[in-house]
Each structure stands twice: as structure tokens, then as C-alpha cells.
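Beneath this line is the structure, given in C-alpha cells, with notes to follow.
In what follows, chains are A, B, ... by sequence order, proteins preceding strands, each numbered from 1. Keep in mind that what you see is a predicted model, and the values were worked out from it rather than measured.
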There are 2 protein chains.
Amino acid sequence: MTTIKDIAKAANVSPATVSRVINDGPKVGLKTREHVKQVMKTMGYRPNINARALVNKKSTSLGLVLAELMDPFFATYANAIETVARESNSQLLMSSGSSSASSELDAIETLLDHRVKAMIVHSKFLDDKTLVDIARTVPGFVLINRYIEAISERCVWLDNVLGGYKMAEHVVNLGHRKIAVVSSDFDIEDPRDRLQGIRNFLAEHHIPLPDSHIAISSPNQQGGEIAMRELLASQTEFTAVLAYNDAMASGVMNTLYDHNMDVPNDVSVMGFDDVILAQYCRPKLTTMHYPIRLMAATAATIAMDLAQEKAPSEERSYKFIPTIMARHSTKKI
Amino acid sequence: MTTIKDIAKAANVSPATVSRVINDGPKVGLKTREHVKQVMKTMGYRPNINARALVNKKSTSLGLVLAELMDPFFATYANAIETVARESNSQLLMSSGSSSASSELDAIETLLDHRVKAMIVHSKFLDDKTLVDIARTVPGFVLINRYIEAISERCVWLDNVLGGYKMAEHVVNLGHRKIAVVSSDFDIEDPRDRLQGIRNFLAEHHIPLPDSHIAISSPNQQGGEIAMRELLASQTEFTAVLAYNDAMASGVMNTLYDHNMDVPNDVSVMGFDDVILAQYCRPKLTTMHYPIRLMAATAATIAMDLAQEKAPSEERSYKFIPTIMARHSTKKI
DNA sequence: TTGTAAGCGTTATCAG
DNA sequence: CTGATAACGCTTACAA
């Protein structure tokens with residue numbers, strides 16, 4: 001690998017000058033600059049990022065911690081963030097697969113070892129204190145899909161309670177009164193929040209939601225199928241099903257079809273997230289749109305800004321609002 | 001950030017000794033070792049990966065170049081590779097979004113700048129020569145989903161021709177004789193190969209495949225819908241449709257339904273890839289299983305091995321074979 | 001405008 | 001078994 005010294009020698013200048021050329025550094029004679037550039041090109045020079053990171057005490061890469069790359073939900077995140085990263089010439093250093101506090105911490109620390117300039121973290125298992133502590137020592141630390149009061153200006157999150165509220169509102173407006181809920185057995189805030197939102201709306205409108213109308217299973221298609229089978233087996237009466245996410249909703253529809261019930265004619269079904277799957281379903285799924293791309297871009301942007309200790313970003317709050325995406329799986333009763 | 005020197009000072013040893021402890025280096029007194037470890041723990045020492053990479057002339061991260069993270073197909077790749085990477089304590093440095101020769105080259109060069117110890121590259125646009133040249137200078141360079149004779153032992157690829165062949169065989173065995181094909185307009189080898197495989201089988205069995213039975217569009221659900229509409233509009237007669245991939249197949253089914261045709265009773269539909277979507281479809285899609293996870297793991301493993309200049313991996317060939325995944329979208333005629 | 005030299009945090013080669 | 005010391009490739013005062 002040719003180094004800056006090789007270039008310097010070949011171009012008859014000092015390494016410092018080469019460095020200046022590389023970084024568009026200040027005050028370099030036009031002809032030396034051109035000359036050096038020429039030499040770099042012909043010799044095929046490529047800077048050693050690690051050496052640079054060492055002296056700068058910061059690498060140019062952007063760290064990303066996600067739970068699961070295969071999940072389209074997270075894939076969308078990764079994709080959007082990668083786009084922003086590339087635009088600012090940084091690489092993405094990924095750590096996925098976290099589904100426990102210790103693995104989450106592990107992922108974060110590895111990123112720290114790499115001295116990433118900024119990091120975007122999806123963490124559902126680490127406690128607030130740990131996260132806040134890390135945030136204090138890492139300027140460009142941003143949390144997605146989570147809200148912690150103490151570092152609110154570094155949290156990019158979705159109002160899940162409102163999401164649940166709007167789901168209930170949507171089907172009730174369509175005339176449904178017998179509502180069933182299919183929720184996730186993951187022990188994190190999201191399902192609790194969404195369910196709470198549903199409860200809030202229903203309570204306000206004096207519509208009951210007995211426990212027998214709530215089935216819980218894993219947050220994927222199979223979980224949806226299982227949950228719906230339970231509901232059916234217990235003779236629960238309902239005309240609308242609110243699912244925790246699109247995958248579960250798709251499972252719900254499968255089970256319904258297997259029992260010769262039509263969606264949306266016999267039962268209305270709603271999902272949450274609006275991942276690509278929602279459009280691939282048949283009928284296309286009515287769901288809550290989760291502005292993932294927007295949130296990802298926001299997170300990436302503020303992470304980079306924070307990293308450069310830019311303006312304190314006016315103490316804004318980055319709460320996002322889910323919106324109804326009405327498609328064909330819900331219908332007026 | 002506390003450095004190795006800080007630890008050395010605090011522990012009353014030399015930096016060299018600390019380094020030895022960190023790397024389980026040879027010959028360190030048991031008590032010094034324990035003592036140093038203790039100090040590191042209490043001072044919360046974290047090694048600077050960049051410094052390490054600089055002196056070692058190699059970083060510990062594994063580079064990955066993919067076309068598109070959001071595509072479930074690539075997400076599966078990324079996920080599987082990340083798993084292998086983590087098991088060998090390396091981070092994933094991602095570069096996605098490439099869809100042109102120049103952006104592919106860009107991604108590779110960035111990874112090179114990071115001195116990644118190995119890299120796994122999905123490239124459909126760079127020409128053979130360029131890739132071969134890079135491979136020569138980078139020991140741990142592995143190509144996925146592409147075969148280049150000159151570096152065959154670094155190629156992990158799928159036999160797409162055989163895949164097409166098997167698709168045709170499957171529906172013909174089911175009794176279909178009027179077959180339509182929905183292919184991709186992407187100018188890469190894969191669609192050509194799959195189509196060639198279909199042609200091969202059909203020719204062997206004297207079943208015609210006139211151009212009018214082939215529709216081409218973009219390799220996603222919408223493309224499938226469009227292509228199928230064209231076929232229908234031109235009054236083409238067929239009882240089976242072979243799609244380029246699962247997404248197109250799903251689009252094909254949508255259009256068929258919109259025209260009141262049932263799958264599989266009126267028409268059999270086959271996809272390719274066996275991405276998660278295939279199971280989320282209704283009816284569940286019969287498709288060609290693409291052993292992505294296995295291929296990804298293989299690629300990651302040989303990339304790491306190659307990087308350590310291990311045994312020349314016995315000059316094996318890493319060709320993988322797609323297999324029929326019979327589900328419910330195809331039926332005997 | 002350009003060069004010299006110190007130093008970023010590690011590892012590795014020698015001595016001791 | 002342990003300690004100096006010299007790299008690794010680059011950036012950045014400080015000089016010239």
C-alpha cells in the first residue's frame with residue numbers, strides 16, 4: 001500500500017503538504033496541489049482510515065445497533081441510515097442481533113472501541129440509567145424507538161400510545177363495537193403502549209375490551225395465526241381485530257381464511273408499522289404508518305450534528321406520529 | 001479515554017506488559033496478569049481499535065457490499081453474515097446501495113481504505129477483470145452470487161440455469177403445457193440464466209415458449225402486476241406462470257385475482273428465491289429455495305479463512321443448487 | 001507556501 | 001518474565 005510518504009517522495013514535497021492536499025487543507029500552492037494530486041492518482045493512493053482515525057481520535061464511521069437485520073422493519077431503518085451516512089461520506093458499522101441487555105451493551109461497547117463519530121442505537125432491554133450514562137460520554141449518541149426523559153433531545157421515537165388510540169378510533173368510526181386485540185408477548189414497552197392507546201380510546205367511548213378479547217403471542221405471522229386460533233376457539237365475538245404489527249395481522253388473516261371468514265367482509269383487520277408486507281398482503285392491509293425512513297434520516301442527521309458538537313439543536317423533541325394507512329382490510333360494518 | 005499507558009502507570013508495569021495481558025500474550029507472571037486485569041476493569045479500559053488496526057495493518061472488521069439492504073433477499077444475507085462475523089469477534093462494515101459499476105467500485109474502495117481483513121462483495125455491474133484485479137491484491141476477497149472462472153475458489157454462487165430448468169420441470173410434471181414467463185428487465189446475468197434454464201427444459205421436451213409468452217418488467221411486485229396485465233391483455237393462453245422472483249410472483253397473483261382468476265385452480269404460479277414473503281403470500285408460494293443463509297455463512301467463513309491465508313481451501317467450488325419448495329400456488333392440471 | 005517533528009494508542013523486537 | 005523503544009500512517013503546531 002502506498003503511503004503519504006511515498007507520495008511525498010515521488011512528488012518532491014513533504015508529507016505535510018500531501019496531507020494538506022488530501023484534506024483540502026489551507027494554503028497550498030496551486031501547482032504543488034495539482035502536481036501532488038496527479039502523483040496520488042497515478043500511484044493509486046488510498047488513505048489509511050485507521051491512521052487517520054487514530055490521530056483524529058475519531059473514526060469516520062457511523063455506528064448502528066439494531067435488533068434484527070432480517071426484519072423488514074429494521075432493514076428499512078438500516079437502509080435509510082446508510083443513505084444518510086453515505087451522503088456524508090461515512091461508513092456504516094453495524095451491530096445487529098441484540099435481544100438482551102448484555103448483547104445490546106456489547107454491541108454499543110464494540111462501537112465505542114471503534115471510536116465511531118456517532119451512533120444510532122435501538123435498545124429495548126438496557127435500562128435508562130445505563131443509556132443515559134453512555135450518552136453523557138458519547139456526544140453523537142442517539143436512541144431510536146425509545147424515549148428517555150433525561151436525554152429527550154437524543155431520542156427519536158414514535159408515539160405508540162397515540163398509535164393504538166388511532167387504531168381503535170379507526171375501526172370504531174367504521175362502526176365496529178366488538179373489538180379483539182392480538183398483541184405481542186415481547187416484554188418491552190411498545191406492545192404495552194399500543195394496547196394502552198387502544199384501551200384509552202375504547203374507555204372514552206364506553207366500549208368494553210374484556211381480557212377474553214385479547215390474545216397474546218409472538219410478534220410474527222405465526223404468532224398472529226396462533227393468537228387468532230385462540231380467539232376463535234374461545235368463541236369470542238368480534239367484528240374487528242387490531243394486531244400488534246403487520247406480520248401478526250397477516251397471520252390473523254390467514255387463520256380467518258382457514259376458518260372460511262372473509263376479510264374485510266366478515267372481519268376487519270388492522271396492522272401496525274406499514275412495512276412492505278402490508279402492501280403485499282391480500283387484501284392490502286389497513287395499518288398504522290410508521291414513518292421509519294423519516295425517523296431514520298432524522299436520527300442519522302442529529303447524530304452527526306451532535307457529533308460535531310453543532311448547535312444544541314434547539315432542544316427539539318423528536319416525537320413522531322403514526323398515521324392511518326387505510327387500505328382494504330377494514331370496512332364499514 | 002483511558003489508554004494502555006494509563007493502565008501501565010496505574011499498575012506499575014510497562015505498556016508492553018499491559019499489551020501482553022490484553023492479547024493473552026505469552027509469558028506474563030500470573031500475579032502481574034491478574035493485577036493488570038484488575039486495574040483495567042476498575043479503570044474501565046477499552047482498547048483503541050484504530051491504533052490496533054494501524055500497527056497490525058489490518059482492521060478486525062469484515063466488509064460487506066450489498067446492492068440493497070431493504071430487499072429481504074439482501075437483508076437475509078447481511079443477517080447471516082453478521083452472525084458469522086460476530087462469532088469471530090468482528091464487526092460488519094456495510095456498504096449498500098450499489099446499483100452501478102462506479103458505486104460498486106466506490107463501496108469496495110472504501111472498504112479497502114478501512115483495511116478490512118476480509119470482504120464479501122455482491123457485484124453485478126463491475127466487469128470480471130476489475131474484480132479479478134481486486135481479488136489479487138486482497139486475500140480475503142469473496143464474491144457472492146457471481147461466478148468468475150479465474151477466481152472460482154472465491155465465488156459463492158447459485159446455479160440459476162439449473163433453477164430455471166427445475167421450475168419448468170416442476171410445472172410440466174404437474175401437467176402444464178402452456179407456460180408463460182414473467183422476467184426481470186434488470187440487465188444482469190440472473191434473469192438471463194433463469195430464462196435459459198426454462199428454455200433448456202422446455203426445448204428438451206418439445207414444449208414451445210413463444211416470445212409472446214414472455215413478459216418483462218421490473219423485479220418487484222409492481223413489475224409482476226404490470227407484466228401479468230400485459231400477458232392478459234394480449235390474450236396469451238397459459239396455465240402456469242414462472243416468475244423471476246417471489247415479489248414478481250406475488251404481483252402476478254394480484255393481477256390474476258383482479259381478473260377473477262384463481263391461483264392455483266385456474267393458473268399455477270411459481271416464484272424464485274424463497275424469501276419470507278413467499279410464506280406470507282396467500283396461497284403460500286411455490287418457489288425455488290435459494291439457500292441464502294448457507295451461502296452467506298459459507299462466504300463469510302471462506303473470506304475469513306482466506307484472510308488468514310489458511311489452507312488454500314482445497315480449491316473447492318462453491319456452487320449452490322436451488323431446490324423446489326412446493327407450497328400452494330401450483331397444482332396438477 | 002512549505003517543511004520539520006511530535007504524537008495519536010498499539011504492537012513487536014530486542015535486551016535485560 | 002518484563003521493560004525500553006521503534007514503528008504503523010497520518011495530522012498539526014511550529015518554524016522557516
Side-chain angles (χ1 to χ4, degrees), chain A residues 1-40 43-61 89 109-117 308, chain B residues 1-37 39-40 43-61 89-90 109-117 308:
Chain A
M1 280 271 114
T2 107
T3 80
I4 214 174
K5 284 185 184 171
D6 299 330
I7 304 294
K9 217 160 286 177
N12 259 327
V13 295
S14 75
T17 301
V18 179
S19 175
R20 291 188 185 102
V21 173
I22 293 169
N23 303 293
D24 286 322
K27 302 163 194 295
V28 186
L30 190 59
K31 15 184 184 179
T32 15
R33 160 164 283 141
E34 288 312 317
H35 180 217
V36 172
K37 275 189 176 170
Q38 185 54 44
V39 175
M40 292 200 301
M43 297 187 62
Y45 171 76
R46 305 240 99 217
N48 184 324
I49 296 279
N50 298 309
R52 197 178 274 179
L54 176 58
V55 36
N56 292 333
K57 290 157 169 304
K58 276 275 159 268
S59 93
T60 53
S61 21
N89 286 303
E109 293 191 323
T110 313
L111 257 23
L112 251 27
D113 292 349
H114 282 263
R115 307 296 190 268
V116 293
K117 67 170 164 196
Q308 301 176 219
Chain B
M1 280 270 111
T2 106
T3 79
I4 213 173
K5 286 185 185 173
D6 300 330
I7 304 294
K9 218 161 287 177
N12 259 326
V13 295
S14 73
T17 301
V18 180
S19 175
R20 288 187 187 104
V21 173
I22 293 168
N23 304 291
D24 285 322
K27 301 163 193 295
V28 186
L30 190 59
K31 17 184 182 181
T32 13
R33 157 163 285 137
E34 288 312 317
H35 179 219
V36 172
K37 276 189 177 170
V39 176
M40 293 199 301
M43 297 187 62
Y45 170 77
R46 303 242 99 216
N48 184 324
I49 298 279
N50 298 309
R52 199 177 271 179
L54 175 58
V55 42
N56 291 334
K57 291 156 167 306
K58 277 275 159 266
S59 93
T60 52
S61 21
N89 286 301
S90 21
E109 292 189 326
T110 313
L111 257 23
L112 251 25
D113 291 350
H114 282 263
R115 307 296 190 267
V116 293
K117 69 170 163 195
Q308 302 175 220

Rounded to the nearest 0.5 angstrom, the CG-OG1 distance for A:Asn50 and B:Thr60 is 9.0 Å
With B:Arg20, which residues qualify under side chain to side chain contact (heavy atoms under 4.5 Å, CB included), at least two apart?
-> B:Ala16, B:Thr17, B:Val28
Students should find that the nucleotides of DNA chain D closing off the region near chain B, any atom under 4.0 angstrom from a heavy atom, are D:dC1 to D:dG9
Minimum heavy-atom distance between B:Ser90 and B:Ser61, given as atom pair plus value | CB-CA, 4.2 Å
Shortest non-hydrogen pair, A:Ala53 vs A:Ser59, comes out as CB-CA, 3.7 Å
How would you list, by chain and number, every residue that makes a side chain to side chain contact (heavy atoms under 4.5 Å, CB included) with A:Met43, sequence neighbours excluded?
-> A:Asp6, A:Ile7, A:Ala10, A:Val39
Distance (rounded to the nearest 0.5 Å) between A:Lys5 NZ and A:Thr3 OG1 = 7.0 Å
How many angstroms lie between OG1 in A:Thr2 and CG in A:Asn48, if you round to the nearest 0.5 Å?
-> 11.0 Å
Would you give a per-nucleotide map of nucleotides 8-16 of chain C, 5' to 3', where B means the base has a protein non-hydrogen atom under 4.0 Å away, S means only the sugar-phosphate does, and - means neither?
-> BBBBBB---
Sequence neighbours excluded, which residues qualify as side chain to side chain contact (heavy atoms under 4.5 Å, CB included) partners of A:Ile22?
-> A:Ile4, A:Val18, A:Met40, A:Tyr45, A:Arg52
Measure the angle between the two terminal helix axes of the helix from C:dT1-D:dA16 to C:dG16-D:dC1, five base pairs each, and quote it to 10°.
-> 40°
Return the minimal non-hydrogen interatomic distance between A:Ser14 and A:Ala8, and the atom names on each side.
-> C-CB, 3.7 Å
Given DNA chain D, 5'-ward residue of the pair A:Ile49 and B:Thr17, judged by closest heavy atom | B:Thr17
If you take all heavy atoms of B:Arg46 and A:Arg115, which pair is closest and at what distance?
-> O-NH2, 3.5 Å
